[in-house]
Amino acid sequence: MEVSVGTAALALALLLLPLLYERCGSFRFFCKMGFYNGWILLLALVAIPLCALRGRDVENMKIIRGLMQHVKRLYGIRMEVRGAHNFPPRQPYVVVSNHQSSLDLLGMMEVLPDRCVPIAKRELLYMGAVGVVCWLGGIIFIDRKRTHDAISTMAEAAHTMLSQDVRVWVFPEGTRNHSGSMLPFKRGAFHLAVQAQVPVVPIVISSYQHFYSKRERRFTQDVWGTGTCGAGG
Ligand SMILES: CCCCCC/C=C\CCCCCCCCCC(=O)SCCNC(=O)CCNC(=O)[C@H](O)C(C)(C)COP(=O)(O)OP(=O)(O)OC[C@H]1O[C@@H](n2cnc3c(N)ncnc32)[C@H](O)[C@@H]1OP(=O)(O)O
Ligand SMILES: CCCCCCCC/C=C\CCCCCCCC(=O)OC[C@@H](O)COP(=O)(O)O
């Protein structure tokens, strides 16, 4: 039986991949992040028909939350939630939280209250199936380059919060920040809370430097915490 050089090379590469995964941290990092994005894309394809039954509706966030909650287990991540009782039980509020990387989605989905939607950069809307799901979940999109438009969108959000009993989750740093400290806060979240006359609920997603670092291309597994720090008016 003849084996072509191409087939032999492919077989060798397939044999070497597990070895590379075991030995090379950077390769493991790219595999894990590639799988993370690919898996979310796949979940989005499952979520679209389920969410489409309602159309664009914040209740769809329950479907998204439900579909996302197993993802942490695929990565051997165990989460600890502290202070969940600090969410006001029966009124709208603005959640403000730190934002380290796209892994924050896992922390967010662990504690996301009912009828709560994030404010996201408009670019997410164009991420294929992921964008469609975000839209169906009622996520509020802002164009960060057009402050005036972003402010109008947030004014509408203040109205929606009160008229439709919706909570809003904002990353006040306005971008991902994995430096270990916080960036200066943008002001939108606080204007929103004042305009809607609702409390601000701060949430801390604890640092995951010890198991994840994009700069060092390191992604191992560990315990990870999310804590709400109490509600203030
Ligand atoms: C099942 C499978 C599904 C799979 C798919 C989906 C998976 C999960 C789905 C859910 C997950 C999605 C989660 C996505 C998370 C994405 C996170 C992000 O995208 S973070 C980036 C976007 N977010 C933000 O930027 C929010 C924070 N930014 C702000 O609030 C900003 O203030 C602003 C954008 C409104 C304006 O920005 P900017 O001009 O740069 O900065 P400022 O200095 O803050 O403001 C300038 C002046 O404007 C005044 N201001 C601001 N906001 C208001 C307002 N609402 N009303 C009135 N005035 C406002 C501000 O005070 C400044 O004026 P000054 O006179 O200097 O005070
Ligand atoms: C037709 C185009 C197809 C594109 C397909 C792309 C597939 C991508 C699949 C899955 C992506 C999963 C992660 C999505 C949620 C990411 C949330 C996030 O962390 O957004 C970044 C935003 O907070 C801040 O952005 P910047 O740090 O300012 O930048």
Visitor: Got a sec: does the CZ of Arg56 have more than 12 other heavy atoms crowding it under 6.0 Å?
Guide: yes

Visitor: May I ask you to test the Trp135-Val130 pair for a side-chain heavy-atom distance under 4.5 Å?
Guide: no

Visitor: Once rounded to the nearest 0.5 Å, what's the spacing between atom CG of Leu67 and atom CD1 of Ile40?
Guide: 11.5 Å

Visitor: Can you check salt bridge (charged side-chain N to carboxylate O under 4.0 Å, His left out) on Glu110 and Lys72, steps first, answer last?
Guide: CA-CA 9 Å; Glu110 195 70 8; Lys72 60 180 182 288; 3.1 Å; yes

Visitor: Before you tell me yes or no, could you show the steps for Ser213 and Tyr208 under side chain to side chain donor-acceptor pair (under 3.5 Å), namely the whole-Å CA-CA distance, both residues' side-chain angles and the distance that decides it to 0.1 Å?
Guide: CA-CA 8 Å; Ser213 165; Tyr208 34 90; over 6 Å; no

Visitor: Test side-chain contact (heavy atoms from CB on, under 4.5 Å) on Ser97 and Ile205 and set out the steps.
Guide: CA-CA 7 Å; Ser97 144; Ile205 301 173; 3.7 Å; yes

Visitor: If we only count heavy atoms from C-beta on, is the Met154 to His191 side-chain gap below 4.5 Å?
Guide: no

Visitor: Would you call the rings of Phe219 and Tyr75 parallel, tilted or perpendicular, where under 30° means parallel and over 60° means perpendicular?
Guide: parallel

Visitor: Just verifying a value: how many Å separate Trp39 CH2 and Leu74 CG, rounded to the nearest 0.5 Å?
Guide: 6.5 Å

Visitor: side-chain contact (heavy atoms from CB on, under 4.5 Å) between Met61 and Val117: does it pass, once the steps are laid out?
Guide: CA-CA 7 Å; Met61 285 310 292; Val117 287; 3.8 Å; yes

Visitor: Look up atom NZ in Lys214 and atom CZ in Arg217, then write down how far apart they are to the nearest 0.5 Å.
Guide: 10.0 Å

Visitor: Counting N and O atoms only, with roles assigned by atom type, does the side chain of Asp149 sit under 3.5 Å from a partner on the main chain of Arg146, one being a donor and the other an acceptor?
Guide: no

Visitor: Taking side chain as C-beta onward, heavy atoms only, is Ile151 less than 4.5 Å from Thr147?
Guide: yes

Visitor: Any side-chain to backbone donor/acceptor pair from Glu173 onto Lys186? Under 3.5 Å, distance only.
Guide: no

Visitor: Can you measure from CG (Leu183) to CG (Asn98) and round to the nearest 0.5 angstrom?
Guide: 10.5 Å

Visitor: Would you please say whether a donor-acceptor pair under 3.5 Å links the side chains of Tyr212 and Thr220?
Guide: no

Visitor: With a sphere of 6.0 Å drawn around NE2 of His70, does it hold more than 12 non-hydrogen atoms of other residues, nucleotides or ligands?
Guide: yes

Visitor: Decide yes or no on side-chain contact (heavy atoms from CB on, under 4.5 Å) for Val198 and Val94, but give the supporting numbers first.
Guide: CA-CA 7 Å; Val198 296; Val94 176; 3.9 Å; yes

Visitor: If I take atom CG from residue Asp143 and atom OG from residue Ser152, how far apart are they, to the nearest 0.5 angstrom?
Guide: 11.5 Å

Visitor: For Leu103 and Tyr36, work out which heavy atoms get closest and say how close.
Guide: CA-OH, 3.6 Å

Visitor: Give a yes or no on whether the backbone of Arg115 and the side-chain of Glu59 come within a donor-acceptor separation of less than 3.5 Å.
Guide: no

Visitor: Between Arg167 and Asp114, which heavy-atom pair has the shortest distance, and what is it?
Guide: CD-O, 3.3 Å

Visitor: With a 3.5 Å distance limit and no angle check, can you tell me whether Asp57 reaches the backbone of Arg54 through a side-chain donor-acceptor pair?
Guide: no

Visitor: A quick test of your reading: do over 12 heavy atoms of other residues, nucleotides or ligands sit less than 6.0 Å from CZ of Arg122?
Guide: no

Visitor: Which value, rounded to the nearest 0.5 Å, describes the distance between Ile119 atom CD1 and Leu192 atom CG?
Guide: 5.5 Å

Visitor: Side-chain contact, heavy-atom cut-off 4.5 Å: Val58 with Gln164?
Guide: no

Visitor: Within a strict 4.5 Å, meaning less than it, do heavy atoms of the His178 and Gln209 side chains meet?
Guide: yes

Visitor: Just wondering, do Val132 and Leu125 contact through their side chains at under 4.5 Å, heavy atoms?
Guide: no

